[in-house]
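Below is one structure; the comments refer to it alone.
Chain naming here is simple, since letters A, B, ... match the order of the sequence lines and numbering starts at 1 in each.
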Amino acid sequence: MAHVEGQQHPIAIYFKIWGLLFVLSFFSYMVDYLQFEGYLRWFLILLFMFLKAGLIVSVFMHMMWERLAMIYAILLPPLCLLVLIGLMTMEADYTFLTRVLFFAGP
Amino acid sequence: MAVAIVLVLLIVGSVIFNFLSPWWFTPIASNWGTIDTTLIITFIITGIAFVAISLFMAYSIYRFHHKEGRVAHYEPENNKLEWWLTILTTIGVVAMLAPGLVVWNDYITVPEGADEVEAVGKQWQWSFRFPGEDGKLGTTDIKFVSFDNPFGINPDDPNGQDDILISEPELHLPIDRPVKMLLRSYDVLHDFYVPQFRAKMDLVPGLITYFWFIPTRTGKFDLLCAELCGVGHYTMRGHVVVDEAEDFDEWLSSKPTYAQFLAAATAAPAMTGLATKGQEVAGAQGCLSCHTIDGTSGVGPTWKGLFGKEETLADGTTVRVDEAYLIESVSDPNAKLVEGFAPIMPPYELSDEDMAALIALIKSKSE
Amino acid sequence: MAYVAPAEVDDIELHDPQSFITKYIWSQDHKVIALQYAATAIGIGLVALVLSLLMRLQLGFPGTFSFIDPSSYYQFVTMHGMIMVIYLLTALFLGGFGNYLIPLMCGARDMVFPYVNMLSYWLYLVAVLVLVASFFVPGGPTGAGWTLYPPQVILQGTPGHDWGIILMLVSLIIFIVAFTMGGLNYVTTVLQARTRGMTLMRMPLSVWGIFMATILALLAFPALFVSAVMLLLDRTLGTSFFMPAIISMGETLDYGGGNPLLFQHLFWFFGHPEVYIVALPAFGIVSDLLSVHARKNIFGYRMMVWAIVAIGVLSFVVWAHHMYVSGMNPLFGFFFATTTLIIAVPTAIKVYNWVLTLWRGDIHLTVPMLFAIAFILTFVVGGLTGLFLGNVVVDVPLSDTYFVVAHFHMVMGVAPILVVFGAIYHWYPKITGRMLNDAMGKFHFWVTFLGTYAIYFPMHYLGFVGVPRRYYSIEGTDFIPASAVTLNQSITIAAFIVGVVQILFIYNLIWSYFKGKPSGPNPWKATSLEWQTPQTPPVHGNWGPNRPLVYRWAYDYSVPGAAQDYLPQTMSPDDPIVGGHLGRGDEKDHHS
Amino acid sequence: MSIFRILATKPWERNEASLGDLHGGGELSLPTQKIGLFVFLSVVTVLFGLIAAANVMRMKFGDWQPLTDPQMLWVNTGVLAFSSLALQWASVSARRQNLKGLKIGFFLGGVLAVAFLAGQILVWRNLIDSGHVVLGNSANGFFYMITAIHGLHLLGGLWAWGKSAVRIGRGVEIRELRLGVELCTLYWHFLLLVWLGMFALLLRT
Ligand code: HEA
Ligand code: HEA
Ligand code: CUA
Ligand SMILES: [Cu+2]
């Protein structure tokens with residue numbers, strides 16, 4: 001398993017990426033700071049998280065594509081699952097709400 | 001070659017069929033004309049796509065079928081064409097989706113001031129509940145359901161006392177008033193479906209679901225269960241009657257409130273010991289979810305006046321109802337089917353005591 | 001033909017069969033396993049076909065056949081749906097065609113894990129047997145619909161709620177294990193065992209379709225697995241994963257707190273990818289059929305590959321379009337309607353490219369080609385009706401009516417089945433060395449195509465009227481006109497005609513095996529590797545001493561300047577037949 | 001080449017029509033078995049992810065009574081971690097051609113895994129004795145289901161481990177053992193990760 005390919009990135013690119021990461025983190029903080037609520041909040045937080053993760057994976061790890069493909073293969077399914085888990089929590093809250101509203105409760 | 005011709009015939013035939021067929025939506029009786037409009041938009045766009053694509057295919061086959069000396073054109077791709085087609089398709093999709101989402105937003109947003117009505121489903125019959133004077137439905141729970149409280153209304157909830165109970169599968173609604181249907185199920189999934197209203201929604205046990213609509217036409221409409229709920233699924237029918245306001249009020253006022261129902265149930269005349277036990281057995285075994293003892297019709301034939309009667313069977317013969325017949329009817333319900341009823345009763349294996357109690361109950365209701 | 005020297009490609013270890021048993025029964029050869037899979041799938045599929053005809057008897061002539069009571073009707077519907085989707089189509093496309101085509105088309109000697117491959121088949125057979133056994137237990141098989149929705153599936157009032165459902169779930173669990181074993185093989189073989197020169201983008205679309213479908217299946221089946229296990233626990237041990245507090249037939253049960261919608265979400269998280277699992281292989285195979293028999297390269301190969309990948313990925317985020325009226329959180333409607341209609345775009349591209357492949361081709365109207373053309377038409381009808389259902393409000397009146405039944409039969413019960421037939425007519429010569437009889441084939445085609453169109457096209461209109469699905473009888477309604485009953489009769493008659501013609505097809509399969517015209521190694525003059533094997537039918541190990549060397553993609557038909565109208569993938573650019581012209585000849589490339 | 005670049009190639013083009021890239025067939029330079037394992041691991045990830053999704057949803061309803069987490073589970077977790085570690089040692093030894101280290105690590109790993117399974121069964125017994133039966137509450141249901149499915153996967157791993165162990169016992173050359181040992185190690189690490197995830201889920205709820 002050879003991984004360290006000879007290819008070198010110019011140092012500038014690292015700085016640019018650092019900058020981008022800062023900007024993204026800033027946005028994440030803003031979501032908190034501006035007190036977005038509900039689904040929007042989670043949507044934004046997750047979005048920025050994925051963007052950051054994507055950046056890090058694609059640039060800093062500058063791996064050969066096979067490694068990258070492995071990572072996609074291992075990461076993509078859980079990402080699909082995250083959608084499922086997110087929607088399932090919403091669904092659970094909704095169900096619970098109707099139960100509280102309409103059922104006599106324990 | 002024949003294929004090209006047949007394809008064209010099929011396409012033309014399908015279009016003609018569409019216009020000439022006697023089968024189309026039943027005339028609408030609710031405010032959901034917008035759903036029909038969206039459907040028509042979808043229909044037109046997809047119809048055009050269907051005709052265009054298949055005619056093009058038929059023409060290609062006609063034009064380029066194998067002949068001596070024909071050589072196919074070598075063209076791996078044509079990016080421009082493909083992008084154009086993609087964009088065109090996207091436009092088509094957006095043209096369908098946008099109105100669809102707008103109408104969906106209406107569909108899930110109940111207008112202020114809609115009347116709440118509850119539809120209750122259980123295998124395989126409908127019943128309904130109106131909120132009564134206070135305009136609020138009482139809370140419910142499965143654990144409160146009993147012979148005296150068939151709707152499982154919370155006895156401690158003051159909102160529930162004046163709720164009006166409709167124990168038969170016929171629901172009346174006033175015309176031109178928005179209703180919010182709250183849907184509740186005792187056992188399995190069902191679905192409240194009146195084709196003329198377009199709207200429908202599942203009933204899910206352990207959950208309250210809803211949809212809303214405004215009836216816009218008086219008349220009597222079929223109510224169907226549209227979610228598979230066991231062998232009796234297809235028999236789970238009812239009616240929705242849309243009335244003018246006065247007729248509706250008159251109908252509603254003839255129905256008992258929960259408080260009245262409770263009073264009547266406790267005041268019912270006492271029965272002999274064995275028959276009382278029979279009532280318990282019938283409750284515990286679930287017979288009473290299909291059979292009634294007061295002469296109204298249920299999923300199965302009523303037990304009132306059953307004993308000693310000449311019963312007409314599905315094959316046209318008749319049989320006198322005696323103990324042997326009752327026992328057979330319970331242990332092997334499909335052996336002799338009563339006329340006009342579906343073969344959906346599950347077989348039961350009851351102890352002799354329980355059976356005797358049930359027979360006593362049925363006898364007591366036949367005197 | 002050019003070969004790599006043995007040293008250049010490391011071969012997997014081959015288990016050479018010794019006796020009849022190891023050759024034909026416990027075989028580890030992918031071709032034998034493929035045939036075993038296919039035979040079993042078709043056998044059980046015929047059972048499902050008979051069940052569908054029994055259903056049609058009741059629907060067309062209600063009450064005439066007293067042996068079909070409501071319980072057995074629902075059992076027929078359920079078993080028909082489940083067998084057709086999982087045990088016939090999934091097994092046939094992936095276990096049958098996947099096993100046969102992947103190694104041959106990639107130039108491999110066998111699957112990479114032949115032993116696991118063999119286990120996969122035998123477990124599949126066990127799953128089928130358990131399924132069949134459920135017909136013979138007390139209470140019969142389950143009758144809860146192929147969606148197996150709880151609570152109903154395990155309660156009184158549903159046929160087979162005591163034993164049938166347990167066997168069904170066990171069978172599904174075994175099937176999933178079996179499939180996972182096979183699936184690991186297909187994916188790894190495509191990734192690792194291609195011959196030299198066979199880059200990913202030189203693979204025929206059949207392989208791409210099967211490859212992607214396998215990935216989908218590997219990732220989707222766990223959802224079915226989890227829901228089956230949880231349902232089994234609810235049924236046998238009385239847990240309440242899905243079961244809320246319930247009064248069933250007047251009896252208060254011990255369950256409480258669960259949510260039936262959880263099952264539906266899990267089921268459709270599997271169920272929607274599942275429909276593409278049976279569609280993608282069909283997409284791939286039909287692309288190859290069209291290209292070969294139109295003597296033209298498939299149009300827009302790259303877009304076709306991208307579309308397959310896009311459809312695969314998107315199919316995991318559309319599941320709840322089956323639940324628009326299930327009572328789930330109503331906000332989900334927006335999300336799922338959007339994703340559902342987005343998925344129509346890559347699918348549309350595929351349709352365009354199929355049709356554009358015909359354009360300016362040299363179309364040979366052979367039997368496989370006829371089936372491929374019929375596929376396009378029926379798939380377009382079925383796909384477009386899918387858009388109605390995907391567009392959330394339009395689904396509201398149509399859901400659970402015969403419109404849905406018509407949609408999925410067009411798109412799944414007819415279109416892929418037509419591809420299966422086309423593919424069998426196409427590859428039968430490779431498998432047996434003989435052609436299938438053409439006259440019988442044409443007759444079979446016409447009856448099947450026109451017959452199924454006659455069955456399902458009018459069904460859409462029953463759906464518009466509002467006829468609900470899964471109804472044993474629609475008597476006693478006011479809104480259904482009497483003419484609908486006549487329509488139902490004619491549908492039943494059409495179904496019988498189509499059903500009976502399948503006997504002719506089976507007869508053709510057997511007759512041609514002995515009496516068919518010898519085909520030679522490459523009767524269709526096709527380019528892909530499976531037609532270039534040194535022997536027909538290919539022997540164990542497929543390629544003789546050396547594996548083939550691939551120089552080009554699989555679609556070099558009618559290349560300008562070449563001396564013949566097809567250039568096999570193994571043909572080197574130095575070959576005189578190529579005529580000094582490569583690929584697109586000397587034209588300037590004006591696109592990139 | 002990146003996957004996107006591969007998907008963008010035009011296989012019909014002039015330069016593509018020759019065997020220019022001498023594509024060796026295998027897409028990835030890893031051993032085939034390892035790829036197979038990777039594919040399998042993603043399937044298992046999805047499986048447990050789905051269980052987690054179901055768990056997350058189910059626990060939101062009022063009737064959820066979390067298990068009082070049995071102390072024993074911490075011990076088991078430790079055992080599994082050591083088992084994983086031991087196998088890692090075996091792997092490293094294999095790479096360094098150290099047969100003795102390989103043997104000790106490999107066998108220790110297997111034995112610890114068996115110990116883990118025994119521990120899990122003990123936890124079950126304790127729970128059942130203290131009245132936390134499967135159908136008591138859905139939290140219990142999930143606990144039993146998760147531990148059972150995880151245990152079954154580990155059992156499957158032990159079967160593969162057994163096969164390698166037999167080969168080690170037969171004195172097969174270390175070069176040929178290496179792949180088997182590495183595969184086991186990978187699988188063990190993975191199952192440890194899964195267990196940690198599931199354990200966290202069980203603790204949280
Ligand atoms: C092979 C199987 C298969 C395939 C490929 C599809 C494809 C699609 N299906 Fe279908 N579907 C099923 C099998 C399949 N389906 C089954 C089995 C059920 C029922 C399960 C049950 O309840 O028992 C079902 C049910 C079903 C429902 C639920 C209905 C309900 O229960 O109420 C929905 C709703 O969205 C739906 C939508 C779609 C869509 C949008 C597509 C799209 O992928 C279609 C895309 C194709 C095209 C769009 C046509 C080609 C494009 C053109 C010709 C270009 C022109 C296009 C435009 C202008 C936009 N399907
Ligand atoms: C691949 C899937 C598939 C196929 C091929 C079919 C084929 C047929 N189906 Fe069905 N069907 C389903 C999948 C399929 N079906 C599903 C998922 C359901 C839903 C179940 C549920 O609600 O739970 C359903 C439900 C369903 C209903 C609705 C029942 C109801 O809701 O009450 C009806 C009614 O007419 C019906 C009829 C038919 C008929 C007449 C045929 C055919 O007989 C059509 C004509 C025959 C052919 C096109 C030949 C096909 C060949 C073979 C099947 C196998 C042999 C193969 C070889 C020889 C290679 N099917
Ligand atoms: Cu109630 Cu179907
Ligand atoms: Cu779907």
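- Ring geometry for B/Phe64 against C/Trp359 counts as perpendicular: the plane angle is over 60°, on a 0 to 90° scale with 30° as the lower cut.
- Each of B/Phe19, B/Phe17, B/Trp23 was checked for a ring pair (Phe, Tyr, Trp, His ring centres under 6.0 Å) with C/Tyr461, and the lone residue meeting it is B/Phe17.
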- Item | Full working for ring pair (Phe, Tyr, Trp, His ring centres under 6.0 Å) between B/Phe43 and C/Phe388 | CA-CA 8 Å; B/Phe43 213 130; C/Phe388 287 64; 5.4 Å; yes

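- In this structure, the side chain to side chain contact (heavy atoms under 4.5 Å, CB included) partners of C/Ile474, at least two apart in sequence or on a different chain, are C/Val467, C/Tyr471, C/Ile480, C/Asn488.
- When every heavy atom of B/Gly100 is checked against every heavy atom of C/Val393, the shortest pair comes out as O-CG2, 3.5 Å.
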- Task: Could you give me the CA-CA distance, side-chain angles and deciding distance for C/Phe299 and B/Glu75, then say whether side chain to side chain contact (heavy atoms under 4.5 Å, CB included) is met?
- Result: CA-CA 7 Å; C/Phe299 185 83; B/Glu75 187 183 26; 3.7 Å; yes

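- In the model, B/Thr86 has no side-chain atom that pairs as donor or acceptor with a side-chain atom of C/Tyr352 under 3.5 Å.
- When all heavy atoms of B/His233 and C/Arg469 are compared, the pair lying nearest together is NE2-O, 3.8 Å.
- For a residue to count as touching a neighbouring chain, one of its non-hydrogen atoms must lie under 4.5 Å from one of that chain's; by this rule C/Val153 does not touch chain B.
- The stretch residues 34-61 of chain B participates, sequence neighbours left out, in these salt bridge (Lys or Arg N to Asp or Glu O under 4.0 Å) pairs: B/Asp36-B/Arg198.
- Residue C/Arg360 qualifies as open at atom CZ: its count of foreign heavy atoms under 6.0 Å is 12 or below.
- Put simply, of B/Val71, B/Leu85, B/Thr209, the one with the most heavy-atom pairs under 4.5 Å next to chain C is B/Leu85.
- Interface residue B/Leu207: only side-chain heavy atoms are found under 4.5 Å from chain C.
- Contact detail for C/Ile246 and B/Pro205: the closest heavy-atom pair is CG1-CB, 4.5 Å.
- Of all non-hydrogen atoms in C/Lys296 and B/Ala72, the two that sit nearest each other are CB-CB, 3.9 Å.
- Here the side chains of C/Thr147 and B/Leu228 are not in contact, with every heavy-atom distance at 4.5 Å or above.
- The aromatic rings of B/Tyr74 and C/Trp553 lie perpendicular to each other, with more than 60° between the two planes, well past the 30° mark.
- For B/Lys200, the parts lying under 4.5 angstrom from a heavy atom of chain C are both the backbone and the side chain.
- Minimum interatomic distance between B/Ser14 and C/Tyr453 (heavy atoms only, all atoms of both residues): OG-OH, 2.8 Å.
- Here B/Phe25 is the residue among B/Phe25, B/Phe50, B/Tyr186, B/Phe211 with the most heavy-atom pairs under 4.5 Å with chain C.
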- Message: Quick one, B/Glu227 with C/Asp400, criterion side chain to side chain contact (heavy atoms under 4.5 Å, CB included). Give me CA distance, side-chain angles, the key distance, then yes/no.
- Response: CA-CA 7 Å; B/Glu227 182 68 61; C/Asp400 282 315; 3.4 Å; yes

